[in-house]
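Structure first, then comments.
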Amino acid sequence: MKHSDKTFWKQYIANLQVDLAHAAYTKVERIWEDLDYTPILNKFYYIIEGEGFLTIDGQTYYPKPNELYLLPADGVQSYGTINDDTFGKYWCHFTAKIGELNLFQALETSRFIRIEQPEQWRNKFERLIDYSNSDKLTSRIHTNSVLLEIIADYIESCDKVKFNLKATPAFEKMNVVLQYIEAHLTDNLTVEELAQIAHFHPNYFIQLFKNFTGNSPIQYINRARLEKAKNLLTMTELNVSAIADAVGLEFSYFSRMFREHNGVSPTAYREFIPKD
DNA sequence: CAATAGCACGATCTTCCGTG
DNA sequence: CACGGAAGATCGTGCTATTG
C-alpha cells in the first residue's frame, strides 16, 4: 500500500463510531440455528468450546475453540449446531460505522483469527459484558472503549486487510434509505416511499436495492423487523402482541412470519433461546 | 393471550423494452 | 449506461374464524 493511502485510511478510520447491542457468554441450545439471513449488526463469536458451523457469504466454516469470528453486517449468513456438543462462546452484536458506511464494508478483513492469548481475550469479553450490564454513569463509555479495543486488536491480528471504498451516487442514496428503514421499522414502510427518498422509480429502485443489500426491500425490512423482535423477546417482558406492534406488523402475520424464519413461535423462542 | 389456517386483494418483483 | 414504464406472475398482508 502506498504511503499516502495509508495516511488517508488512518485518518478516515479515526471517525469510527461504535455501538454495542448485546454481549454475553452462551452455551447455545441444540436448536440454535438460522439460515440464509442478512443481519443488520456485526457480530463477534469467540468460541470457547463445542462444535457447529457458520456460513458467511457462501463460505462455510467449522469454528474451533480459541477462534474469534467476525460476522459482518449485510452479508448473507447461516449458523447452527451439528451435534450435542454445542458451542460455548462469547459473543456480541454491534454497529461500527464511519459516517454512513459500515466499517467492515469499507474494510475487508479475515473472517476469523486464532487467539494466541486466551486469558487476555476472555478478559476483554468479560469486561465488555460487565460494562454493558452495569448502570454506572460511565458504563457506556467503558463499553465503547472495550469494543473499540476488540475491533482494533481484531483488525491488527488479521493477516490481510483490504480497503474498499466505492462512493457512487447510487451507493450514497442507498445508504440514506437503509438509515431511513432502521429509523422507521415501526411504521408501515412501502417500496414507493423508499423509492421516493432515493428519487428513483420503484421498479428500478427495487433492482438497485437488491443489488446493494442482497435482499429485496420488503425482505430486508422484514428481516430487520424479526431481528428487532428477537431482541425484544429476549431483552424485555413485552407480550407478543406488543412486540408485533413494535415492529409494525399485525399479530397473526407476525406470528406466522416469525415461525417461518426461526422455526419456532415467538413464545417458544423466548423460552428456549434466551440469548442469541 | 397466543398460535395457526384459509382466503382475497393489493403490493411487490421480475422481465423486457424504450429513450437519451 | 442510467433510468422510466407496462404487464403479468408472484408474494406479502390483513382479516376472520378456530383452537388451546
Side-chain angles (χ1 to χ4, degrees), chain A residues 29-41 57-58 73-78 80 99-101 105-106 164-276:
Chain A
E29 302 287 336
R30 184 69 173 88
I31 56 170
W32 180 72
E33 177 177 286
D34 206 340
L35 300 177
D36 293 330
Y37 75 110
T38 307
I40 293 182
L41 301 171
D57 286 329
D74 297 324
V76 181
Q77 298 169 9
S78 303
E100 300 310 320
L101 190 64
Q105 222 166 315
N164 296 322
L165 190 53
K166 32 184 179 171
T168 65
F171 178 90
E172 291 303 322
K173 288 183 181 177
M174 285 300 136
N175 262 321
V176 174
V177 171
L178 294 194
Q179 240 199 321
Y180 183 85
I181 290 175
E182 271 191 70
H184 296 267
L185 279 186
T186 306
D187 309 338
N188 288 337
L189 290 162
T190 65
V191 169
E192 180 104 32
E193 185 182 352
L194 298 178
Q196 266 175 29
I197 291 168
H199 305 288
F200 286 124
H201 186 97
N203 288 2
Y204 184 58
F205 171 77
I206 289 170
Q207 296 182 156
L208 282 186
F209 190 94
K210 192 159 187 183
N211 211 24
F212 185 70
T213 68
N215 284 304
S216 73
I218 292 297
Q219 274 177 358
Y220 180 95
I221 291 167
N222 283 337
R223 283 176 191 278
R225 284 173 165 155
L226 289 175
E227 293 244 336
K228 185 174 171 185
K230 281 189 192 177
N231 286 344
L232 291 173
L233 282 165
T234 57
M235 308 305 281
T236 74
E237 303 281 313
L238 292 172
N239 66 28
V240 179
S241 302
I243 291 176
D245 278 351
V247 298
L249 296 170
E250 193 263 344
F251 171 80
S252 73
Y253 180 48
F254 166 73
S255 176
R256 182 199 314 165
M257 190 159 62
F258 192 94
R259 174 176 267 290
E260 277 167 9
H261 280 252
N262 299 303
V264 293
S265 68
T267 303
Y269 181 88
R270 172 176 266 164
E271 282 165 8
F272 297 129
I273 315 183
K275 286 164 195 157
D276 195 18

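A, B, ... follow the sequence lines: proteins, then strands. Residue 1 opens every chain.
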Taking DNA chain B as the partner, which of residues 237-245 of chain A come within under 4.0 angstrom of it by heavy atom?
Asn239(A), Val240(A), Ser241(A)
Decide yes or no for Val76(A) and Asp36(A): does some side-chain heavy atom of the first lie under 4.5 Å from some side-chain heavy atom of the second?
yes
Just to verify, what does Lys230(A) make a salt bridge (Lys or Arg N to Asp or Glu O under 4.0 Å) with, not counting sequence neighbours?
Asp34(A)
What's the CZ-C1' distance between Phe200(A) and dG5(C), to the nearest Å?
16 Å
Determine whether Phe205(A) and Met174(A) make a side-chain contact, defined as any pair of heavy atoms from C-beta on separated by less than 4.5 Å.
yes
Residue list, salt bridge (Lys or Arg N to Asp or Glu O under 4.0 Å) with Arg30(A), at least two apart or on another chain
Asp84(A)
To the nearest 0.5 Å, what is the distance between CG (Asn231(A)) and OG1 (Thr236(A))?
9.5 Å
Roughly, in whole Å, what's the span from NE2 in His199(A) to P in dA2(C)?
18 Å
Please find the earliest and latest nucleotides of DNA chain B, in the 5' to 3' direction, that have an atom within less than 4.0 Å of any heavy atom of chain A.
dA2(B) to dT15(B)
Return the set of residues passing side-chain hydrogen bond (donor to acceptor under 3.5 Å, both in side chains) with Asp57(A) (not counting sequence neighbours), or none when no residue passes.
Arg111(A)
Mind checking whether Tyr269(A) and Val240(A) have side chains closer than 4.5 Å, heavy atoms only?
no
By side-chain hydrogen bond (donor to acceptor under 3.5 Å, both in side chains) - contacts of Asn203(A) (at least two apart):
none
Heavy-atom closest pair (Ala198(A) atom, Val177(A) atom, distance to 0.1 Å) is CB-CG2, 3.9 Å
In residues 216-228 of chain A, what residues come within less than 4.0 Å of DNA chain C, judged by heavy atoms?
Ile218(A), Asn222(A)
Roughly what angle, to 10°, lies between the helix axis at the start of the helix from dC1(B)-dG20(C) to dG20(B)-dC1(C) and the one at its end, five pairs per end?
40°
Distance, nearest 0.5 Å, that separates NZ of Lys228(A) from CD1 of Ile243(A)
10.5 Å
Using side-chain contact (heavy atoms from CB on, under 4.5 Å) as the criterion, list what pairs up with Thr190(A), not counting sequence neighbours.
Glu192(A), Glu193(A)
Quick one: closest heavy-atom pair of Arg270(A) and Asn239(A), and the distance?
NH1-CA, 4.5 Å
Let me spell it out: for each of Pro202(A) and Leu189(A), pick the nucleotide of DNA chain C with the closest heavy atom. Which residue's pick is nearer the 5' end?
Pro202(A)
Taking C-beta and beyond as the side chain, do Leu226(A) and Phe254(A) meet within less than 4.5 Å on heavy atoms?
yes
Can you confirm whether Val191(A) sits close enough to Phe209(A) that some side-chain heavy atom of one is under 4.5 Å from a side-chain heavy atom of the other?
no
For Arg259(A), give me all partners under side-chain hydrogen bond (donor to acceptor under 3.5 Å, both in side chains), at least two apart in sequence or on another chain.
none
For Thr186(A) and Asp245(A), which heavy atoms make the closest approach, and how far apart are they?
CG2-O, 3.8 Å
What N/O pairs connect the protein and nucleotides 14-16 of chain C at under 3.5 Å? Give each pair on its own line.
| unit_1 | atom_1 | unit_2 | atom_2 | d |
| --- | --- | --- | --- | --- |
| dG14(C) | O6 | Arg256(A) | NH2 | 2.8 |
| dC15(C) | N4 | Ser252(A) | OG | 3.0 |

Give the minimum heavy-atom separation between Leu249(A) and Met257(A), together with the two atoms involved.
CD1-CE, 3.5 Å
Just the atom pairs and distances: protein N or O near nucleotides 6-9 of chain C's N or O, under 3.5 Å.
| unit_1 | atom_1 | unit_2 | atom_2 | d |
| --- | --- | --- | --- | --- |
| dA6(C) | N6 | Asn203(A) | ND2 | 2.3 |

Leu194(A) and side-chain contact (heavy atoms from CB on, under 4.5 Å): which single residue from Val176(A), Leu178(A), Ile181(A) fits?
Ile181(A)
Check the distance between dG5(C)'s C1' and Ile206(A)'s CD1 and give it to me in whole angstrom.
13 Å
